[in-house]
Amino acid sequence: MACRAGVPGRAEALGARLEVALIDESGGGGAGAGARVGGGGGAGAPVPAEFADRLLRSPRARKVTQRLAAKHRLDVALVRERLRGALVALGPVLGGEPGERDLDRLLDLLLLCGTDLGDAD
């Protein structure tokens with residue numbers, strides 16, 4: 001994820017920059033089973049995604065998910081799945097499961113930098 005041109009100063013002012021690459025090693029076509037951070041090297045261990053589902057049930061996560069979905073004209077379930085994948089990918093970077101404060105930082109970053117959550121194609 002990268003901030004749009006003209007807006008990166010806000011996220012960078014907070015010392016925030018997030019770049020995530022998800023690689024589905026199970027062949028199942030999603031980040032649900034596990035994900036790795038990076039471009040496919042050996043870095044990062046698969047992380048179960050149950051914690052991400054728990055975090056995304058918080059009232060703030062639901063509110064921000066709905067706001068992002070409306071802003072980008074996307075289905076709420078799609079935005080939630082993409083946030084879930086980002087949380088899973090953060091696990092190896094953080095050395096464990098992200099917590100509620102990590103989720104709040106991710107949500108703040110997405111709101112501040114106006115990230116385009118549409119398809120990359």
Side-chain angles (χ1 to χ4, degrees):
M1 288 179 250
C3 289
R4 285 188 198 153
V7 188
R10 286 185 257 171
E12 290 173 3
L14 295 173
R17 180 182 167 152
L18 176 65
E19 293 183 34
V20 179
L22 300 176
I23 300 170
D24 181 10
E25 294 189 353
S26 68
R36 286 186 183 247
V37 172
V47 179
E50 293 83 19
F51 73 90
D53 293 329
R54 184 182 75 252
L55 288 173
L56 290 171
R57 284 192 294 267
S58 76
R60 179 163 190 252
R62 280 187 257 163
K63 183 178 178 180
V64 172
T65 300
Q66 290 172 349
R67 182 175 171 185
L68 290 170
K71 179 179 179 180
H72 298 289
R73 296 181 177 163
L74 295 170
D75 184 66
V76 172
L78 176 63
V79 173
R80 184 177 190 282
E81 185 60 29
R82 290 179 180 176
L83 285 172
R84 182 178 185 263
L87 283 170
V88 170
L90 282 174
V93 172
L94 298 174
E97 295 178 353
E100 191 171 335
R101 292 187 71 189
D102 300 309
L103 171 63
D104 284 338
R105 289 181 189 112
L106 175 62
L107 295 174
D108 290 343
L109 178 64
L110 292 170
L111 289 171
L112 283 172
C113 72
T115 301
D116 184 2
L117 299 174
D119 289 329
D121 299 336

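Residue numbers count from 1 along this sequence.
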*Taking it one step at a time, do Leu83 and Leu110 satisfy side-chain contact (heavy atoms from CB on, under 4.5 Å)?*
CA-CA 10 Å; Leu83 285 172; Leu110 292 170; 3.2 Å; yes

*Criterion side-chain contact (heavy atoms from CB on, under 4.5 Å) on Leu107 and Leu103, from CA distance to verdict*: CA-CA 6 Å; Leu107 295 174; Leu103 171 63; 3.9 Å; yes

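Distance check: Leu56 CG to Arg62 CZ gives 10.0 Å after rounding to the nearest 0.5 Å. For the atom pair Leu74 CG and Leu68 CG, the distance stands at 9.0 Å (nearest 0.5 Å).
Electrostatic pairing of Asp108 and Arg60 counts as a salt bridge here, judged by a charged N lying under 4.0 Å from a carboxylate O.
In terms of heavy-atom proximity, Val88 sits nearest to Ala52 at CG2-CB, 4.3 Å.
Of the candidates Leu87, Leu55, Val64, Leu87 is the only one forming a side chain to side chain contact (heavy atoms under 4.5 Å, CB included) with Leu106.
Taking the side-chain hydrogen bond (donor to acceptor under 3.5 Å, both in side chains) definition, one finds that Arg105 meets it with Asp102, sequence neighbours left out. Shown here are the salt bridge (Lys or Arg N to Asp or Glu O under 4.0 Å) partners of Asp53, two or more places apart in sequence or in another chain: Arg80, Arg84.
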